[in-house]
Every structure is written in structure tokens, then in C-alpha cells.
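Labels below follow one simple rule: chain letters A, B, ... track the order of the sequence lines, proteins then strands, and each chain is numbered from 1.
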Amino acid sequence: MAKPRVIYWFRTDLRLHDSPALKAALDLHPEAFWPIWTWDPHYVYRARVGPNRWQFLLDSQRDLSESLTKLNQKSKLFLIRESPQTLLPKLFKAWKVTHLVFEKDTDAYARDRDAEIMRAAKAAGVEVVIRSGRTLWDSDLLVEQHHGKATMSISQVQAAGPKVGAIPRPLAAPTKIPDPGEMPLEFEQDVPEQAPDLNAQAREHGDRSYAQLAGPHGDFAVPSMEELGFTATSLHRGGETIARKLLDDVIANEEYTALFEKPKTAPTDFEPQATTLLSPHLHFGTLSVREFYWRVQDVVDNYRGKGKASQPPVSLTGQLLFRDMYFGAQAALGHAFGQTMYNSHCRFIPWHLPSKVDHERKQVTGEYHIDSDEAHVWFQRWKWGRTGFPWIDALMRQLRQEGWIHHLGRHAVACFLTRGGCYVSWERGAEVFEEWLIDHETACNAGNWQWLSCTAFFAQFYRCYSPVAFPQKWDKDGVFVRRYVPELAALDSKYIYEPWKAPIQDQRKAGVRISGAGEKEEEGVYPKPMFDFAERRAICLDGMKKAYHVGLYGDDPKVVDGSWRQLFDDAAEGPTEGKTFEDAMGEGGAMTVKKGPAGRDSNGDAVEETAGRTKGKGGETKTSDRRTTAVTKRKAAQGTLDGHVKKMKK
DNA sequence: CGGTACGTTGATAGG
DNA sequence: TCCTATCAACGTACC
């Protein structure tokens with residue numbers, strides 16, 4: 001029998017410590033061992049990845065590569081620039097590979113990709129070895145122990161997890177690795193199609209990373225930011241070395257580790273932030289989640305200090321349980337988990353700016369309908385931190401610059417965009433997070449957006465975050481706002497969260513004018529709030545109540561074919577303008593993407609929104625005209641309704 | 001079936 | 001500063 005010639009395919013596990021898959025690969029005692037990374041065009045062009053996450057990835061790859069070289073001078077992370085689906089079959093042959101080893105990835109795209117790779121490996125006579133290592137428990141086994149259903153609450157995870165088994169103690173890092181074999185690349189490179197490149201807007205020039213299979217110097221090196229055309233702004237850097245140092249620092253502080261309660265940490269803290277900043281390392285696998293778990297758990301078990309150690313779900317280990325919960329939901333629901341349409345667990349709410357859907361594939365296309373110009377403006381102002389609400393704007397600017405905001409900050413901006421302000425689809429917000437977060441994790445992002453928008457996991461929509469009151473719990477003087485919205489740095493504390501209330505003299509004294517709608521950045525000017533929050537909150541609350549009463553889910557035939565509109569017609573209250581959109585879903589067709597450009601968003605190239613460039617559709621229906629009028633009237637009535645109701649009750 | 005307790009992180013008024 | 005009840009009210013688990 002031939003001696004094992006093993007490709008170890010790094011993907012979600014850029015580390016040497018505690019990697020079950022890496023251990024399995026080395027336990028084969030390979031004659032040749034190639035640690036590789038395939039530069040996947042799906043990630044480069046079709047996923048939304050902003051400059052700061054690119055920087056974090058390249059950091060992580062370089063650090064791993066150096067660590068591999070320390071174990072064997074001849075080895076490194078060999079980065080090959082081609083789609084794995086086309087590349088790996090060629091490598092199997094050219095390098096006489098006997099085994100392919102990788103860590104299990106339950107993301108919807110990854111499952112499709114890996115199934116294809118496994119078919120190719122079978123055809124080539126290559127044995128595939130897969131190990132779970134990304135979560136506390138194998139997500140598929142977790143689902144199995146939860147009776148084959150999506151894990152939708154933390155108690156379900158706490159019940160099903162132990163049935164899968166005890167969380168394994170971390171494995172040691174390898175102390176040596178075998179030599180790589182010869183690496184002939186005597187085959188054609190399949191150069192990927194760039195378009196559509198969802199990251200084109202953020203690049204300074206076109207992507208150049210596919211110039212050669214082994215990179216511009218033929219040395220299998222990690223691409224540079226320059227090749228990709230990005231400039232990062234974040235100081236949060238990647239790599240296993242940094243991850244382990246961060247973890248050591250957390251663990252060294254026994255009190256912090258043992259007493260940690262997430263809801264009590266301050267979203268307004270910066271330098272240092274109130275939470276661990278380890279999430280991006282979990283995402284790239286530069287830190288093992290099980291190692292994190294046990295290092296924390298050992299501190300908790302031995303804690304004899306003041307107070308009682310905190311417990312899940314608020315404790316540090318509780319945070320990891322949530323991560324496994326979202327992974328379990330995604331493992332059970334697949335592609336549908338990342339969208340409303342066809343998602344059996346996601347409530348249908350007639351949000352503005354709904355996703356366009358390819359009904360053949362039952363997947364969203366990445367584009368969206370502009371059903372309301374007003375909502376679209378609100379969305380853009382939210383994204384770019386110009387809503388006129390300093391708390392929201394500070395968070396969104398911190399997110400763009402640093403790629404990270406505190407969990408409760410994410411709650412604040414997510415609630416504001418969806419059920420507590422703009423009534424815009426959670427999918428729009430999730431896309432912005434996907435692009436800008438350095439710790440973006442598909443499962444957690446989709447899950448958390450569903451949670452905050454009260455479409456799944458959480459239903460108490462009447463608990464609404466105020467952009468004025470909420471941050472004052474931690475930061476009365478608005479130090480956080482002054483840091484990220486420097487226009488307001490000198491404003492008196494009593495106006496810091498509501499600058500529109502500052503008298504002209506106070507504005508002048510602070511060197512800022514509260515004026516305009518934030519169309520463009522102007523020295524010394526901060527926009528007026530884009531709406532009356534109390535009024536919007538009431539309208540949204542009413543819309544949520546109505547939508548909950550109707551009780552549709554994303555996989556309901558009425559949602560899919562557009563006939564849901566009839567259910568909202570008569571008693572429609574609040575923001576059901578969603579139904580004015582000239583969406584072809586109403587005809588039940590899969591033609592949502594096909595209709596020609598026209599309509600009101602044809603001039604809307606303000607949609608710098610990645611796949612945006614939403615081509616609208618012409619042709620308002622009679623119904624929608626009627627609807628628009630009705631809604632306008634209703635809006636006016638409701639603005640005052642909230643106040644009246646309250647006063648009457650008192 | 002009915003009632004009740006609970007659910008990681010709301011806002012507000014009042015003690 | 002910290003605690004409580006109220007606001008108007010969600011779904012789920014469990015007795």
C-alpha cells in the first residue's frame with residue numbers, strides 16, 4: 001500500500017493548537033504533507049468582505065505560515081490561487097495525493113462546495129478525512145440530539161449538547177510536521193470571472209490576486225492587501241499568536257473571567273473595550289472554541305474570589321453556547337437560514353427594502369427592491385453614520401473604521417434599522433455587518449439579526465432600544481459619541497444624545513451646526529435627526545403587532561407567491577407600505593430579477609450598496625396607489641395616537 | 001385545556 | 001446607586 005501523501009486543506013481553522021483535523025492528518029504519518037489554502041473566488045468576489053476583514057485574514061494566514069515553517073523549514077502555508085472545485089482535482093493528480101484532510105464546515109455554501117470536492121476525491125481515488133473542530137459540539141450531531149430540529153434557544157443547546165458528549169479538552173499543537181512533496185503546477189490555471197465582484201466598491205483598483213497560481217513571485221505566498229486593492233483602517237489584527245496572547249490576558253484576570261456578565265458590560269467602552277475581542281479569532285479559527293471554553297471553565301471551577309462565578313447564558317462560556325446554537329440552526333436549515341424567504345423559522349414581516357429572490361434556487365440574489373425611497377434614504381444614512389442620532393452614528397462609524405462594535409451596540413443599531421425605527425429588512429443590515437465586521441460569522445450574523453428584528457429566536461418586540469436613553473445607562477457624558485462623532489466633541493453633555501435640542505448658542509459654542517439631512521460631509525455640521533423616534537417607534541410597534549397577528553413564516557406559500565398582501569390589506573396598521581412595491585412576487589413568478597430597469601430607483605445609484613445597483617421595476621399597480629394614500633393618512637394619525645393613548649391611560 | 005414561569009442585555013417612575 | 005413595578009404583551013415549556 002502506498003504511503004500517505006496528504007493535503008491538509010486549511011479553511012476555518014488557521015491554527016496549530018487544538019485542531020482535531022490537523023491531528024488526524026498527522027496521525028496518518030504522511031510521506032508527503034502539504035498544508036494548503038485555496039484562494040476561493042467565492043470568498044474573494046461573491047462574499048461581502050471589507051478591507052478590515054481582509055487584513056485580519058491575511059494576518060492569520062501569514063502567522064500560521066510562519067508557525068508551520070518553525071516546525072519544518074521546508075514547509076509553510078502553501079497558498080494557491082484558484083477555486084478549490086477546479087484546483088483540487090488537478091492537485092490530486094499532479095501531486096499523487098492519497099488523502100485530503102480538512103475541518104468540517106457547516107456553512108451553506110461550504111457544504112455545497114465540500115460535497116463537490118468529495119465527489120471529485122472519490123473519482124480520483126483520494127480518501128477524504130473530515131473532523132469537527134469549529135464548535136463546542138459537531139453541529140450536525142447537536143441537531144440530531146435535538147430531534148433533528150434547528151436549535152432555537154439556549155436551553156435546547158444545554159439539553160442536546162451533553163447528549164452529543166462532553167466537550168473535548170484541547171489537543172496539543174504538533175511539534176513537527178513532515179516535508180511537503182514535490183509541487184508541480186504543470187496545468188492551466190482556471191482564472192475566475194471577477195464579475196460580479198461584491199467588493200468592487202471598496203477596492204482602489206481591480207483585484208489582482210489571480211495573476212498566477214503560486215502568486216506573483218511563484219512562492220505560494222499569502223496575497224498582499226495591495227494585490228487586492230484594499231487599505232485597512234482597523235487596529236484589530238489577526239493570527240494565532242495574537243489570539244493566544246489575548247486569551248492569556250483574559251484568563252490571567254480571574255475576576256473578569258469568572259464574574260463576566262455580558263449584559264452588564266458597557267457598549268460605550270473603548271480603549272479598552274468591555275468584552276474580549278476574541279470573536280474574530282473564533283471566526284478564522286486562530287483560536288479554538290473548545291480551548292477558550294476549557295480555559296474559562298477551569299478558572300470558574302477554581303474561583304474562590306469575591307462573589308459567585310457567573311453562569312450561562314450571561315457568562316463567558318454562555319456566549320459560546322449561543323454560537324453553537326446559531327451553528328445548529330444553520331446546520332439544520334441550510335441556505336434558508338440566511339434569509340427570510342423559504343425560511344421555515346423566520347417570521348414574515350413586510351419590511352421595506354426586501355431581498356430579491358431567485359425562486360428556482362430558493363435563494364436571495366443579493367439585490368433588493370426599493371419599495372420606499374424614504375426607507376432607502378434612511379438605510380443609507382444608517383449605514384454611513386449620518387442618521388442624526390449620535391449614538392447610532394457613533395456605532396456605525398466605529399463599525400466601519402474598526403470592524404468591531406460591542407454586542408449591545410449591535411443590538412442598538414439593529415433594532416433601530418428594523419423594528420425600532422426604519423422598518424427596513426434585517427437582511428439589509430446583515431449585509432452591512434457581513435461586509436464590515438472582522439468577526440462576521442454567517443450563522444451568528446443571520447441569527448442575531450433575526451433575534452433583534454424579532455423574526456426568530458426572540459419575540460418581545462415591545463422591548464425597544466432608545467437611541468437616547470439606552471447609552472446613558474453607561475455613558476452619561478457621551479464620551480463614546482465624542483470619540484466617534486468628533487463634530488459633537490465639544491457639545492454640552494445634556495445635548496450629546498439629542499443635539500437637535502441644543503439652542504443655537506450652545507451649538508455655536510461647541511463649534512457645530514445641527515442642520516441638513518446628512519447628504520454630504522461638511523465641516524462643523526451634524527445632521528438633524530432623520531425622523532421623530534417616538535413616532536417611528538409607535539408605527540413600527542403597530543406594524544409588528546399586525547405582522548405577528550397575521551403570523552406568516554418565510555416558507556409560507558403566501559409569502560413566496562406574494563399573496564400575503566391580501567392578509568395585510570383591510571386592518572392594515574402602520575408601515576405596511578411594503579406592499580406598494582412593484583414586486584413581481586405578487587404574480588408568483590421567479591422573475592423578480594428579470595424585469596427591466598425603470599421606476600423610481602433607476603436614478604438610485606446612491607445604492608453604492610455592493611450588489612445593490614438595484615434595478616427596479618416599473619408599473620405600480622392600482623392596489624399600490626391606493627395603499628400609498630392610505631398609509632400616508634394612517635401615518636399622520638398614528639404619530640399622535642401613541643401620545644394620546646398614553647395620556648388617556650394615565 | 002388553562003395557568004404560570006421563564007426567556008442573556010427596554011424604558012420609566014418611584015422607593 | 002440599586003432595586004421594584006408597570007407598561008402592554010411575544011412564544012414556549014411544563015405542570
Side-chain angles (χ1 to χ4, degrees), chain A residues 146-147 149-160 259-269 273-276 279 296 307 309-326 329 344-349 391-392 395 405-416 418-421 444 447-476 497-498 533-534 536-538 540-553 573-574 641-650:
Chain A
H146 186 51
H147 323 291
K149 292 179 300 181
T151 43
M152 300 301 289
S153 76
I154 216 61
S155 52
Q156 291 170 356
V157 174
Q158 285 174 306
L259 302 179
F260 183 95
E261 289 183 43
K262 180 76 144 285
K264 289 189 181 163
T265 59
T268 50
D269 280 3
Q273 295 88 347
T275 49
T276 64
S279 51
V296 170
S310 58
Q311 294 291 314
V314 294
S315 65
L316 273 179
T317 55
Q319 309 314 302
L320 305 181
L321 295 177
F322 277 106
R323 185 170 173 275
D324 264 50
M325 176 184 80
Y326 290 134
S344 55
H345 287 60
C346 182
R347 263 178 199 287
F348 174 77
I349 315 279
W391 165 237
I392 301 298
L395 286 163
I405 50 179
H406 186 278
H407 190 68
L408 293 179
R410 300 179 196 199
H411 280 214
V413 297
C415 179
F416 186 89
T418 58
R419 66 185 167 86
C444 301
N448 276 317
W449 273 94
Q450 287 169 46
W451 184 300
L452 264 299
S453 61
C454 291
T455 47
F457 299 100
F458 185 73
Q460 288 156 274
F461 53 77
Y462 43 87
R463 291 192 183 169
C464 181
Y465 294 83
S466 159
V468 174
F470 187 63
Q472 292 188 352
K473 231 164 33 183
W474 300 275
D475 186 10
K476 274 264 179 243
Y497 292 111
E498 308 170 273
F533 176 72
R536 285 302 306 174
R537 192 192 67 88
C540 288
L541 200 64
D542 199 55
M544 294 298 290
K545 242 188 277 186
K546 173 65 185 165
Y548 263 69
H549 180 72
V550 171
L552 295 173
Y553 285 81
E573 294 285 331
L641 186 65
D642 187 48
H644 279 309
V645 168
K646 272 192 172 161
K647 271 169 201 151
M648 276 158 53
K649 295 231 163 177
K650 299 231 154 140

Could you measure the distance from the CZ atom of A:F457 to the CG atom of A:L452? Nearest 0.5 Å is fine.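 With rounding to 0.5 Å, CZ (A:F457) is 12.0 Å from CG (A:L452).
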Closer than 4.0 Å, any side-chain N/O of A:R537 to the OP1 or OP2 of B:dA11?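 The answer is no; no side-chain N or O of A:R537 sits under 4.0 Å from OP1 or OP2.
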Look at A:R463 and C:dC10 and indicate whether a side-chain polar atom (N or O) is within less than 4.0 Å of OP1 or OP2. no
Mind checking who B:dA13 pairs with, Watson-Crick or G-U wobble, both distances under 3.5 Å? C:dT4
Under 3.5 Å for both donor-acceptor distances, Watson-Crick or wobble: does B:dT8 have a partner, and if so which one? none
Spacing of [X] atom [atom1] relative to [N] atom [atom2], expressed in whole Å:
| X | N | atom1 | atom2 | value |
| --- | --- | --- | --- | --- |
| A:K149 | C:dA13 | NZ | P | 7 Å |
| A:L452 | B:dG10 | CG | P | 11 Å |
| A:H407 | B:dT8 | NE2 | C1' | 8 Å |
| A:F461 | B:dT9 | CZ | C1' | 19 Å |

Would you indicate what [X] reaches in the nucleic acid, counting non-hydrogen atoms under 4.0 angstrom: base, sugar-phosphate, or nothing?
| X | value |
| --- | --- |
| A:R347 | sugar-phosphate |
| A:E261 | nothing |
| A:F470 | sugar-phosphate |
| A:Y548 | sugar-phosphate |
| A:K264 | nothing |
| A:W474 | nothing |

Measure from the side-chain N and O atoms of A:H147 to the backbone N and O of A:K149, and report whether any donor-acceptor pair falls under 3.5 Å. no
Return yes if some donor-acceptor pair links the side-chain N/O of A:T151 with the main-chain N/O of A:Q156 below 3.5 Å, else return no. no
Which of these nucleotides, C:dG11, C:dA9, B:dT8, is closest to any side-chain atom of A:A459? C:dG11
From the list C:dC10, C:dA13, B:dT9, which nucleotide is the closest neighbour of the side chain of A:Q156?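 Nearest to the side-chain atoms of A:Q156, counting from C-beta on, is C:dA13.
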Of A:R463, A:R419, A:Q460, which meets side-chain contact (heavy atoms from CB on, under 4.5 Å) against A:C454? A:R419
Using the C1' atom as the point on both nucleotides, what is the distance between B:dA5 and C:dA9, in whole Å?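 That atom pair is separated by 15 Å.
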ring centroid sep under 5.5 Å plus plane angle under 30, A:F322 with B:dT8: yes
